[in-house]
Every structure is written in C-alpha cells, then in structure tokens.
Amino acid sequence: MDKLVIQGGAPLSGETRISGAKNAALPLMCAALLTREPLALSNVPHLRDVTTMLRLLGQMGVKVSRDDRSGATLHAERLAEPLAPYELVKTMRASILVLGPLVARCGEARVSLPGGCAIGLRPVDLHIKGLQALGAEIEVEQGYIAARAKRLTGARIVMDLVTVTGTENLMMAACLAQGTTVLENAAREPEVVDLARCLSAMGARISGAGADVITIEGVASLHGATHHIMPDRIETGTFLAAAAATRGRVSLHGADPAILDAVLEKLREAGAELESTKDTISLAMKGRPRGVNVRTAPYPAFPTDMQAQLMALDAVASGAATVTETIFENRFMHALEMQRLGADIEISGNTAVVRGVEKLQGATVMATDLRASASLVIAALVADGETTVDRIYHLDRGYERIEEKLAQLGARIRRVN
Ligand code: EPU
C-alpha cells in the first residue's frame, strides 16, 4: 500500500496549478446520463474517485473517451442496466448521484445504499424523500434502493437540512420531470452552480442555483453540451493552508478566489498576506501563524472539507483555538493522528481545542479519509524529521498528483510502497 514519506521543515515556495474540482466533476459526469447525446467535459481531474465514477457509468453502457490531457466525453446513447452495484458504491458514496438521473431517464434504477463511512453516518434519506415527492416509487430492499417512475412530476420540496449531493440529485432528476420543481433549503455550494450551468447548456431550465431556492422547469429531453469544470476550491485551500503552516510563499494558478471567501478570511486572520487576481491566489506567511477559531457550516460559511487542514495550521500556531464541526459527526480522526506528531488537541463533542505547539515531530501516521490525509500531509511538512503518512489511497481520491505539486513547491516528499 502506498505511503508518503515527508521530510519536514522546508517552507513551500513557488507556483503550481489547481486542478478541476472533484466534487463538481462527479455530479457533472452523472449528468451525462440525462441525454442520448455526448457530454464533453474539460478540466477533468485525474483522481481515483473520477476513475471509479467512469467505471460505474461504463458498466451502465455509457461510452467514455478521455483525451491525453484533461478532457472526457461521456456518451449515454443507450443504457444497458440502470444499476449501481454495492462493490462500486461502497468505495465511493458519490455513486448515489446516478440515482436521480437514472430514474428520470430510464424510469427505474437500482442503487446500493452507501452505508456509513469514516466521517459519519451520512444517510441518503433526503435523496429518497425528494424523489418520492417527484413521484418515484421507492423501496429499500436487500441493501438496495429500487426506484421506479413512469415520468417524474415536478413538486415543491423543502429539504430538512442542507445537502449538497441531495440537491444535485434532485436538480438533475427534476430537469426531465413533467412540470416545475422548487427545491427549498437547497445547497448553495459553487459545485451546485457549476452543475446547473452545465445542465442549462444541455437545455435544462434552471433558475436560482447558488441561492437556497432553486426552480427547475422540466423539459422533455436534454441534448449534448461542452462544459469546463470549475477549479477545485478545496485543493486550493489545502495548498494555501500548507503554505501558511510552513511559513512559505506560493502562487496558485487556475484558482477561483471568488468562491473561497471564508477560507481566505481565516488565513488572513492567521497572519497570511493574500493577493488575488481573477484566477490566481498568492499567499505569503512571514512569521508564526496565529491560531484561528473555525466553525464549519454549509457554503458560504467555512467548509467542512477544509476543517482538518485548518486544524493542522492551528496545531503549530501561536495561542489556542477552537475548531467546531457541525456537518459530520465523526470528522476528527485526524486529531488523534496529529497527536502522534506532538500536537496538543483536546476533543469535547463536536469541538476541538487546539493549543499550538512550537514544533511537531515526525512519526508514522495513518490517513483515515481524504481530508484527514491532506491535514496529515500539512502537519508532516512542518514537523521536524521524517513523517510517513500511511494509506494514502485516501489522498489519491481527491488530490491530483499531490506529491508532484508539493515537490514543485520545494517539499521533500516521496511516494513509497
Ligand atoms: N444528510 C442526511 N440525509 C441525507 C443527506 C445528507 O442526513 O439524505 C446529512 C449528512 O449526513 C451530513 C449533512 O447532511 O451530516 C450534509 O451532508 P451532504 O449531503 O451535504 O454531504 P454529501 O453531499 O454527501 C458533499 C461532498 C463532501 C462534503 C459535503 C459537505 C461530494 C461528492 N461530496 O457530500 O465532500 O464534505 O458535501 O460539504 O460533493 C470530500 O470531498 O472530502 C467530501 C467528503
């Protein structure tokens, strides 16, 4: 199993390029299921989750061609079987995103229930309730969600809590429903907006994406389109946090500062100097960072997907800070691993109190999920001596060529197996 071996202590310095967003790419690939015509995506990141999704779609009969850069064309002219089997869903929860498009296009779908995962229970009840409101008959049997509908019909759906993939699933399904759907308490994440942009290019009638009420007027069919995937805001934030923790100076190209306000604000509070143009963010951290309090919440507040990385920054900052996680109930596994590197972190319920230490010391740590592993890489970059981060297949799910990009910025990092 691959590991990363990191020699800490070198400030990150230089420039690198941000990839396309994982959490935009995954729903966008599923949108291809909604039409018989090809959907051509560019800026598709090379990631394990993207490969898994392409495999899942391929099994259903979607023809996939990738060019040697970052383009992928998905053509769902004929669909073999509207089935997402347990073997694939268990490795990637985002597989649930095929449910809405499949019911809308094929009138039926069988998708394995995702089950729990390392960061919490993560039920999909709101996806199911929403589809039922659109007229789908749904049974959960033998670990599978079996959905059926002749044609979905538009409805007003008020979601109990803000769910990103839930909003995306229902928005995709509603595109082909008869009549108008109104999604209330919808997720406002930029990835939802990117999906709406692509669906609109495919002929969908959507308004309000990016606000908490989205209105979708159903159409009889969608057509092919081309779409450039938005930059990955979490990859951007991760590199910025790493640069800040190592007291470095970096410029990230191909990024979008407009969707990172909450993260940039926290980095500024920690003492970073930040400058942005339309698609570049530069950060310089001159002294020791100051500890900053963070509380995660749906967009536009501070993202849960950056919580672990900010905790790594707080771990070496001056002063004490609190990190509160409000989205997932079990997203502090990285704190225990950081303690192995000498971090002073105390957890009580959904809050971690982080007392910054002058120095972390290298050790062997284990990645437990994607963002936890990113935070351990940051901690390793500042630790004295050598750190081995084990189980980095989690990292490969969501960070394209991370060790190459970090090495380009001067990190002493190598992959071993
Ligand atoms: N929830 C329910 N019922 C549902 C759906 C969600 O109770 O039917 C709960 C979840 O258990 C959680 C909260 O609602 O407590 C919010 O979860 P959400 O549905 O928004 O999460 P998600 O759509 O499954 C996406 C990202 C995650 C990111 C979250 C929150 C994708 C593919 N995944 O997940 O990304 O953490 O939104 O922003 O978009 C990651 O990239 O590392 C990652 C985990």
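Keep in mind that the numbers below use all heavy atoms, side chains included, and drop hydrogens, waters and symmetry copies. Worth saying up front: this structure is predicted, and the values here are computed from it rather than measured. All ligand and atom numbering here is 1-based and tracks the order in the structure.
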Taking only heavy atoms of [X], which atoms of ligand 1 are found under 4.0 Å from at least one of them?
{"X": "Thr304", "answer": "30 (C), 36 (O), 38 (O)"}
{"X": "Leu126", "answer": "3 (N), 4 (C), 8 (O)"}
{"X": "Thr165", "answer": "22 (P), 23 (O), 24 (O), 31 (C), 32 (C), 39 (O)"}
{"X": "Val124", "answer": "4 (C), 8 (O)"}
{"X": "Lys22", "answer": "40 (C), 41 (O)"}
{"X": "His127", "answer": "8 (O)"}
{"X": "Val162", "answer": "16 (C), 20 (O)"}

Check [X] against [Y] and note the closest heavy-atom contact, atom names and distance.
{"X": "Ala104", "Y": "Ala173", "answer": "CB-O, 3.7 Å"}
{"X": "Gly100", "Y": "Leu131", "answer": "CA-CD2, 4.2 Å"}
{"X": "Ala118", "Y": "Asp369", "answer": "CB-CB, 4.3 Å"}
{"X": "Ala147", "Y": "Leu99", "answer": "CB-CD1, 4.2 Å"}
{"X": "Met230", "Y": "Ala24", "answer": "CG-CB, 3.8 Å"}

Next on the checklist: Taking salt bridge (charged side-chain N to carboxylate O under 4.0 Å, His left out) as the cut-off, I'd like each qualifying pair that reaches into residues 84-112, sequence neighbours left out, listed once.
Outcome noted: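 Every pair satisfying salt bridge (charged side-chain N to carboxylate O under 4.0 Å, His left out) with a residue in residues 84-112: Glu108-Arg148, Arg110-Glu141.
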Checklist entry - Could you give all pairs that pass the salt bridge (charged side-chain N to carboxylate O under 4.0 Å, His left out) test and reach residues 325-335, with sequence neighbours left out? => result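 Sorted result for residues 325-335: Asp305-Arg331.
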When you measure from [atom] to every protein heavy atom, which one gives the shortest distance, and what is it?
{"atom": "atom 44 (C) of ligand 1", "value": "Arg331 NH2, 3.5 Å"}
{"atom": "atom 19 (O) of ligand 1", "value": "Thr163 OG1, 2.6 Å"}
{"atom": "atom 32 (C) of ligand 1", "value": "Asn23 OD1, 3.4 Å"}
{"atom": "atom 43 (C) of ligand 1", "value": "Asp305 OD1, 3.4 Å"}
{"atom": "atom 34 (O) of ligand 1", "value": "Arg122 NH2, 3.3 Å"}
{"atom": "atom 3 (N) of ligand 1", "value": "Asp125 OD1, 2.7 Å"}
{"atom": "atom 20 (O) of ligand 1", "value": "Val164 N, 2.8 Å"}
{"atom": "atom 1 (N) of ligand 1", "value": "Leu161 CD1, 3.7 Å"}

Next on the checklist: Between Leu409 and Phe239, is there a side-chain heavy-atom distance shorter than 4.5 Å?
Outcome noted: yes
Checklist entry - Is there a side-chain contact between Gln59 and Leu88, using heavy atoms and a 4.5 Å cut-off? => result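 Side-chain contact under 4.5 Å: yes.
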Checklist entry - Is there any N or O on Ala94 that sits under 3.5 Å from an N or O of ligand 1? => result no
Item to check | Contact (N/O only, under 3.5 Å) between Arg371 and ligand 1 | outcome: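 Right, the criterion is met.
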Checklist entry - Does the side-chain contact (heavy atoms from CB on, under 4.5 Å) test come out yes or no for Leu240 and Leu252, once each step is laid out? => result CA-CA 8 Å; Leu240 291 175; Leu252 306 177; 3.6 Å; yes
Next on the checklist: Pair Thr304, Thr296 - check side-chain hydrogen bond (donor to acceptor under 3.5 Å, both in side chains), show working.
Outcome noted: CA-CA 5 Å; Thr304 173; Thr296 66; 4.8 Å; no
Next on the checklist: Below 4.0 Å from ligand 1: does a non-hydrogen atom of Pro123 turn up there or not?
Outcome noted: yes
